[in-house]
Chemist: 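Encoded as structure tokens, here's the structure I'll be asking about.
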Amino acid sequence: MLEPLVRNNLPRLQNYYDRTPAPARHILTSARGWLLTRIRYSSQARAYLRQLRRNESWSAAQIREYQRSALRRTLDRALHSTTFYASYSRIEIRSLDDLRRLPILTRDTALANQERLLAQDVPPRERIRAGTTGTTGASLQVAYTEQLARENWAFLLRQWAWAEISPRRPRITFQGVRVVPAERRDPPFWTYNLPERQILASIFHLSESTAGAYLEFLQRQRGKIIEGFPSVLGILADFALARGRQIPMRAVFTSGEPLYPSNRSKIEEAFGARIFDSYGMTEYCGLIQECEAGRMHLAPEYGYLEILDDAGNPVAPGEEGHFVWTGFLNRAMPLIRYRIGDRGRWEDSGPCPCGRAFPQVVPTITRESDILRCPDGRIFSPRALNQLLKQATALRFCQFVHSGADRVVVRAATGARTGEDSLHTRAMDELMHIRARVQHLLGDKMSVTAQLTAAPISRPGGKIPLIVNQVPR
Ligand SMILES: [Zn+2]
């Protein structure tokens with residue numbers, strides 16, 4: 001049970017890690033990798049994966065039946081193990097529609113009740129805590145368990161199987177982990193996790209001046225799996241295509257952000273491989289994964305999905321609505337009818353050629369955002385900046401405005417109402433902390449200021465971009 005200890009102390013460990021010289025960093029990364037490997041490739045995990053693969057032959061009726069009994073179990077546990085759901089009425093789940101008699105849990109309500117949502121029968125030392133940022137920037141502190149980390153990994157490997165990739169194939173990961181100190185200007189911008197045969201590459205050092213080094217690195221690693229945020233892989237694809245290069249990879253896995261068609265085609269072109277996209281969340285209450293036929297399937301064992309209109313009624317197939325999730329797997333923090341803030345629609349173009357009866361969903365979430373380009377050529381994806389918001393809990397939204405060539409304003413609003421002075425103070429502290437982290441990331445040549453405002457800068461359709469680029473190019 002080391003993982004909760006490590007995960008919950010990551011900010012402190014990160015400081016230690018940053019001061020460590022590069023060779024020792026590989027050892028630290030591998031040590032953490034070894035810990036994760038033990039969770040991900042344990043005998044239980046392998047057995048769970050085999051079960052998941054068998055479930056792929058389920059009929060639609062079998063899926064409904066599984067979900068009905070999983071809903072029943074989930075509700076029963078949540079009502080008995082948390083103080084939050086204790087006030088919910090005891091309902092009988094005879095059909096999936098019965099769930100609609102329970103209230104919808106909005107993200108704001110979850111934020112305001114995050115401690116009361118914790119299951120009391122999961123001891124605190126077994127809880128792994130992680131911060132999430134939604135479309136508004138306020139961070140929900142999620143709890144989960146090692147068991148869930150294991151199960152979640154099995155779902156990921158099931159999608160690898162759809163891509164005809166066996167477990168532990170070597171991969172390069174471009175995600176939010178800070179693997180190299182911000183002030184570093186020369187390669188390597190990556191570190192090795194040997195037990196997982198994984199290379200973790202930095203998303204914070206992408207720049208016109210480092211593009212060559214990144215491309216050389218990828219060239220040396222060609223034929224491997226590449227995974228990461230779509231905006232980051234899009235930047236790498238731009239680097240390659242602008243130089244007339246193609247770096248063949250085995251397969252590409254994207255997650256964590258919407259994947260736009262233009263981004264998909266340039267990434268697939270640059271890496272000469274297919275993308276398998278997926279939609280998941282730090283709350284671990286649902287999962288949607290792309291199959292080999294290019295359709296997005298709900299993982300029926302992971303959670304129950306409703307897609308509802310503004311009035312809370314189910315939408316017709318093909319019509320867009322709010323995602324409302326009831327997660328089956330997160331025993332530490334059960335979320336029931338959780339309106340996460342993303343949108344999507346049921347696919348209505350008939351059975352999938354892959355043969356699986358898993359429901360088909362199209363997430364239509366658009367976390368609209370620009371990309372931040374510094375005058376010295378460095379490029380930051382929305383996900384690179386999003387990482388800086390993970391600890392913030394008192395802000396209602398936060399966005400980064402690139403207002404002049406060398407000027408960035410961190411704009412935020414507090415969730416505090418009049419009279420809630422301590423929350424207001426905490427929000428100010430968090431804003432100043434975020435400002436300092438952005439300043440550290442961008443370096444002394446950029447001026448970073450902070451501003452408390454009443455409303456975010458939004459775009460038509462009410463979308464709130466994370467990065468607003470006001471600098472003419
Ligand atoms: Zn399919």
Chemist: How long is the span from the CZ atom in Phe229 to the CZ atom in Phe174, to the nearest 0.5 Å?
Modeler: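 Atom-to-atom, Phe229:CZ and Phe174:CZ are 12.0 Å apart.
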
Chemist: Apply salt bridge (Lys or Arg N to Asp or Glu O under 4.0 Å) to Arg295 and list each qualifying residue two or more places apart in sequence or on a separate chain.
Modeler: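 Testing Arg295 for salt bridge (Lys or Arg N to Asp or Glu O under 4.0 Å), a comparison that skips the adjacent residues, returns none.
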
Chemist: Could you tell me whether Glu306 and Arg100 make a salt bridge, using a distance below 4.0 angstrom between a side-chain N and a carboxylate O?
Modeler: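 Looking at Arg100 together with Glu306, the answer is no, because their closest N to O distance does not fall below 4.0 Å.
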
Chemist: My understanding is that only residues two or more places apart in sequence, or in another chain, count here; which of them pass salt bridge (Lys or Arg N to Asp or Glu O under 4.0 Å) with Lys224?
Modeler: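 If we apply the salt bridge (Lys or Arg N to Asp or Glu O under 4.0 Å) test to Lys224, skipping adjacent residues, there are no hits.
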
Chemist: Between Lys445 and Asp406, is the closest basic N to carboxylate O distance under 4.0 Å?
Modeler: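 So Asp406 does not pair with Lys445 through a salt bridge.
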
Chemist: Nearest 0.5 Å please: distance from the CZ atom of Arg331 over to the OG1 atom of Thr74.
Modeler: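 Rounded to the nearest 0.5 Å, the CZ-OG1 separation comes out at 10.0 Å.
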
Chemist: With sequence neighbours left out, write down each residue that passes side chain to side chain donor-acceptor pair (under 3.5 Å) with Gln289, or none if nothing qualifies.
Modeler: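 By the side chain to side chain donor-acceptor pair (under 3.5 Å) rule, Gln289 matches no residue at all.
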
Chemist: Would you indicate whether the side-chain heavy atoms of Val410 and Cys398 approach each other to under 4.5 Å?
Modeler: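 Yes, their side chains come closer than 4.5 Å.
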
Chemist: With sequence neighbours excluded, tell me which residues meet side chain to side chain contact (heavy atoms under 4.5 Å, CB included) with His402.
Modeler: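 Listed in chain order: Leu372, Val408, Met446, Asn469, Val471.
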
Chemist: The criterion is salt bridge (Lys or Arg N to Asp or Glu O under 4.0 Å); which residues satisfy it with Asp376, sequence neighbours excluded?
Modeler: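 Testing Asp376 for salt bridge (Lys or Arg N to Asp or Glu O under 4.0 Å), a comparison that skips the adjacent residues, returns Arg378.
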
Chemist: Before accepting this row, confirm whether a basic side-chain N of the pair Glu216/Arg245 lies closer than 4.0 Å to the acidic partner's carboxylate O.
Modeler: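 Yes.
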
Chemist: Can you find a heavy atom in the side chain of Leu395 that is under 4.5 Å from one in the side chain of Leu389?
Modeler: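 The answer is no, as the side chains (C-beta and beyond) never meet within the 4.5 Å cut-off.
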
Chemist: Could you check whether any side-chain N or O of Glu283 sits under 3.5 Å from a backbone N or O of Val142, counting only pairs where one atom can act as donor and the other as acceptor?
Modeler: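 Answer holds: no.
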
Chemist: For Pro124, check side chain to side chain contact (heavy atoms under 4.5 Å, CB included) against everything at least two apart and list the hits.
Modeler: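 Side chain to side chain contact (heavy atoms under 4.5 Å, CB included) check on Pro124 returns Arg127.
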
Chemist: Are Phe400 and Phe380 an aromatic pair by the rule of ring centers under 6.0 Å?
Modeler: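 Ring centres of Phe380 and Phe400 not closer than 6.0 Å.
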
Chemist: Would you say that Leu102 contacts Leu75 through its side chain, given a criterion of any heavy-atom pair below 4.5 Å between the two side chains?
Modeler: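 In short, these two side chains touch, coming nearer than 4.5 Å.
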
Chemist: Which donor-acceptor pairs under 3.5 Å do side chains of residues 269-277 form with protein atoms, sequence neighbours excluded?
Modeler:
residue: Arg274; atom: NH1; partner: Glu292; partner atom: O; Å: 2.6
residue: Arg274; atom: NH2; partner: Glu290; partner atom: OE2; Å: 2.8
residue: Asp277; atom: OD1; partner: Thr254; partner atom: OG1; Å: 2.7

Chemist: Kindly write out the residues that satisfy side chain to side chain contact (heavy atoms under 4.5 Å, CB included) with Ala311, not counting sequence neighbours, or none if the list is empty.
Modeler: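 Testing Ala311 for side chain to side chain contact (heavy atoms under 4.5 Å, CB included), a comparison that skips the adjacent residues, returns Asp309, Asn313.
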
Chemist: Got a second to check how far Arg426's CZ is from Leu431's CG, nearest 0.5 Å?
Modeler: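 Nearest 0.5 Å value for the CZ-CG distance: 13.5 Å.
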
Chemist: Can you classify the ring geometry of Tyr214 versus Trp190 as parallel (below 30°), tilted (30 to 60°) or perpendicular (above 60°)?
Modeler: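 It falls in the perpendicular class, over 60°.
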
Chemist: With rounding to the nearest 0.5 angstrom, report the CD1 to CG distance, Ile336 to Leu71.
Modeler: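 Rounded to the nearest 0.5 Å, the CD1-CG separation comes out at 9.0 Å.
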
Chemist: Nearest 0.5 angstrom please: Phe239 CZ to Leu215 CG, how far?
Modeler: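 Here the rounded value is 7.5 Å.
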
Chemist: Please enumerate all residues that pass side chain to side chain donor-acceptor pair (under 3.5 Å) together with Glu347, with sequence neighbours excluded.
Modeler: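 Ser349.
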
Chemist: Only pairs at least two apart or in different chains count here, so list each side chain to side chain donor-acceptor pair (under 3.5 Å) that has a residue in residues 296-305.
Modeler: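 Sorted result for residues 296-305: Asn55-Glu301, Asn152-Tyr302, Arg158-Glu301.
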
Chemist: Any side-chain heavy atom of Ile307 within less than 4.5 Å of one from Glu320?
Modeler: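 No, side chains not in contact.
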
Chemist: Decide yes or no for Leu441 and Phe204: does some side-chain heavy atom of the first lie under 4.5 Å from some side-chain heavy atom of the second?
Modeler: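 Result yes, sub-4.5 Å side-chain heavy-atom pair found.
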
Chemist: State, yes or no, whether a side-chain contact exists between Val315 and Arg345 at a heavy-atom distance under 4.5 Å.
Modeler: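 Not in contact.
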
Chemist: Taking salt bridge (Lys or Arg N to Asp or Glu O under 4.0 Å) as the test, write out the residues that go with Glu115, two or more places apart.
Modeler: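 With neighbours one apart ignored, the set is Arg129.
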
Chemist: Apply side chain to side chain contact (heavy atoms under 4.5 Å, CB included) to Ser255 and list each qualifying residue two or more places apart in sequence or on a separate chain.
Modeler: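 Only Gln175, Ser278 meet the side chain to side chain contact (heavy atoms under 4.5 Å, CB included) criterion with Ser255.
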
Chemist: Begin with the C-alpha distance, continue with both residues' side-chain angles, and end with the deciding distance and a verdict on side-chain contact (heavy atoms from CB on, under 4.5 Å) for Ile199 and Phe217.
Modeler: CA-CA 11 Å; Ile199 303 177; Phe217 159 71; 3.7 Å; yes

Chemist: How about Trp160 and Ile225: do any of their side-chain heavy atoms sit closer than 4.5 Å?
Modeler: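 Yes; the side chains approach each other to less than 4.5 Å.
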
Chemist: Looking only at heavy atoms, which two atoms of Asn330 and Tyr284 are closest? And how far apart?
Modeler: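 So the two residues come closest at CB-O, 4.0 Å.
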
